[in-house]
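Quick note: numbers below take in every heavy atom, side chains included, and nothing from hydrogens, waters or symmetry partners.
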Amino acid sequence: MREIVFDTETTGLDPKTGDRMVEIGCVELYNRVPTGESYHAYFNPERDMPAGAEAVHGLSASFLSDKPLFKELASELIYWLGDAPLVAHNAGFDFGFLNAELTLIGFEPVCMTRMVDTVAIARKRHPGAKLSLDALCTRYGVDRSHRVKHGALLDAELLAQVYVELLGGRQIGLELAADAAAQASEGAGDPVAQVIGGKPTGPVRPPRPHVASEAELMRHKEFMKGFDQPIWAK
């Protein structure tokens, strides 16, 4: 299953009052394993950058002034997202800004049924605990030492690790191992090739019979007669 973990940076808290998205970062997971593929872009918001927002992510109006408009990259972004579920922390916020930008240029908004909110997942797993991305990184031992300010791609990478931990963490590896074992068993009857993870790697010996022969059963019977009143005969 393909999933996209993403994060956004904005000029403020509410697109309905004129705030805009200025950065998006996306990380691709396949069967909840990072593939190494990502998408990242800055956008010119065509407006000022409030000091409070700049203090959070460090993106100034001057820095963003020569970046592309959202409409210039929208088709590329939508193509990259595909129809995968979209995972975000406090996902309603990020979906709100993404869909506001899409609506502004006449594009269809992303369906909310694709939304996966890690805050909601964390609230169920850890009721009463702190649910910020920093707090969850600490809980699950995710290194965030290089996170000085918020950054969409960096936060998406951190969240991808947290998301996997929220869903069972390294236990997911057991499922992958089981899949590999199943693939190996499918090729076990091949007398020519040994199968590891479904790939032939070399010749193997044919399976040995494990049923005792008639002669072996007779020898065993004679051997058992040598026991004087064995407990299993009572």
Mind checking whether V27 and I4 have side chains closer than 4.5 Å, heavy atoms only? no

Partners meeting side chain to side chain donor-acceptor pair (under 3.5 Å) with H40 (sequence neighbours left out): E23

Output the distance between atom CG (N99) and atom SG (C111), rounded to the nearest 0.5 Å. 9.0 Å

Quick one: are S38 and L153 in side-chain contact, heavy atoms under 4.5 Å? yes

D143 (side chain) donor-acceptor with S145 (main chain) under 3.5 angstrom: yes

Is T103 reaching over with its side chain to a backbone N or O of A100, donor-acceptor style, under 3.5 angstrom? no

Are any non-hydrogen side-chain atoms of L104 and F70 less than 4.5 angstrom apart? no

Listed by chain and number, what are the side chain to side chain donor-acceptor pair (under 3.5 Å) partners of D19, not counting sequence neighbours? T11, R47

Output the distance between atom CG (L86) and atom CG (D117), rounded to the nearest 0.5 Å. 12.0 Å

Applying salt bridge (charged side-chain N to carboxylate O under 4.0 Å, His left out), name anything that partners E157, two or more places apart in sequence or on another chain. none

Under a 4.5 Å side-chain heavy-atom rule over Ile, Leu, Val, Met, Phe, Trp and Tyr, are I105 and V110 clustered together? yes

Using side-chain contact (heavy atoms from CB on, under 4.5 Å), reason through R123 and L131 one step at a time and then give a plain yes or no. CA-CA 7 Å; R123 185 176 290 119; L131 303 178; 3.9 Å; yes

Below 30° counts as parallel, above 60° as perpendicular, anything between as tilted: where do the rings of W80 and Y39 land? tilted

Is the ring centre of Y140 less than 6.0 Å from the ring centre of H126? yes

In this structure, would V119 and V164 fall into the same cluster of hydrophobic residues linked by side-chain contacts under 4.5 Å? no

Sub-3.5 Å donor-acceptor pair from the side chain of E101 to the main-chain atoms of L98, do we have one? no

T8: which of D155, D94, V22 passes side chain to side chain contact (heavy atoms under 4.5 Å, CB included): D94

Side chain T35, main chain Y30, donor-acceptor under 3.5 Å: no

Examine Y42 and I24 and state if one hydrophobic cluster contains both, with Ile, Leu, Val, Met, Phe, Trp and Tyr joined whenever side-chain heavy atoms are less than 4.5 Å apart. no

Within a 6.0 Å radius of atom CG on D83, are there more than 12 heavy atoms belonging to other residues, nucleotides or ligands? no

I78 CD1 to L73 CG distance, which is reported to the nearest 0.5 Å: 11.5 Å

M1 CE to N31 CG distance, which is reported to the nearest 0.5 Å: 7.0 Å

Give me the atom names and distance for the closest heavy-atom approach of M112 to F95. SD-CD2, 3.6 Å

Measure the CG-CD distance between L64 and E46 for me, rounded to the nearest 0.5 Å. 11.5 Å

Using atom types as modelled and distance alone, determine if a side-chain donor or acceptor of R20 lies under 3.5 Å from a backbone N or O of P45. yes

Show the nearest heavy-atom pair for residues K124 and P127, with the distance to one decimal. O-CD, 3.6 Å

Partner of V142 under side chain to side chain contact (heavy atoms under 4.5 Å, CB included), chosen from L159, L136, D134, L158: L158

Contact between S60 and M49 at the side-chain level, heavy atoms closer than 4.5 Å - yes or no? no

I'd like to know if the side chain of K67 reaches the main chain of F63, judged simply by a donor and an acceptor atom lying under 3.5 Å from each other, with no hydrogens or angles considered. yes

Show the numbers, then the answer: is there a side-chain hydrogen bond (donor to acceptor under 3.5 Å, both in side chains) between E3 and Y163? CA-CA 11 Å; E3 297 173 289; Y163 175 57; 2.6 Å; yes

Cluster question for you: counting only ILVMFWY and a side-chain heavy-atom cut-off of under 4.5 Å, with indirect links fine, are L154 and L29 together? yes

Restricting to non-hydrogen atoms, name the atom on A160 and the atom on V5 that form the minimum distance, rounded to 0.1 Å. N-CG1, 3.8 Å

Which heavy atom of G96 sits nearest to which heavy atom of P15, and what is that distance? O-CG, 4.0 Å

Are L133 and V116 in one and the same hydrophobic cluster, where Ile, Leu, Val, Met, Phe, Trp and Tyr link if side-chain heavy atoms are under 4.5 Å apart? yes

Considering all heavy atoms, the nearest G12-F97 contact: O-CZ, 3.5 Å

Would you find a donor on one side and an acceptor on the other, under 3.5 Å apart, between the side chain of N44 and the backbone of S65? yes

Shortest non-hydrogen contact from A129 toward R139: CB-NH2, 3.4 Å

Can you tell me how far the CD atom of E28 sits from the CZ atom of R2, to the nearest 0.5 Å? 4.5 Å

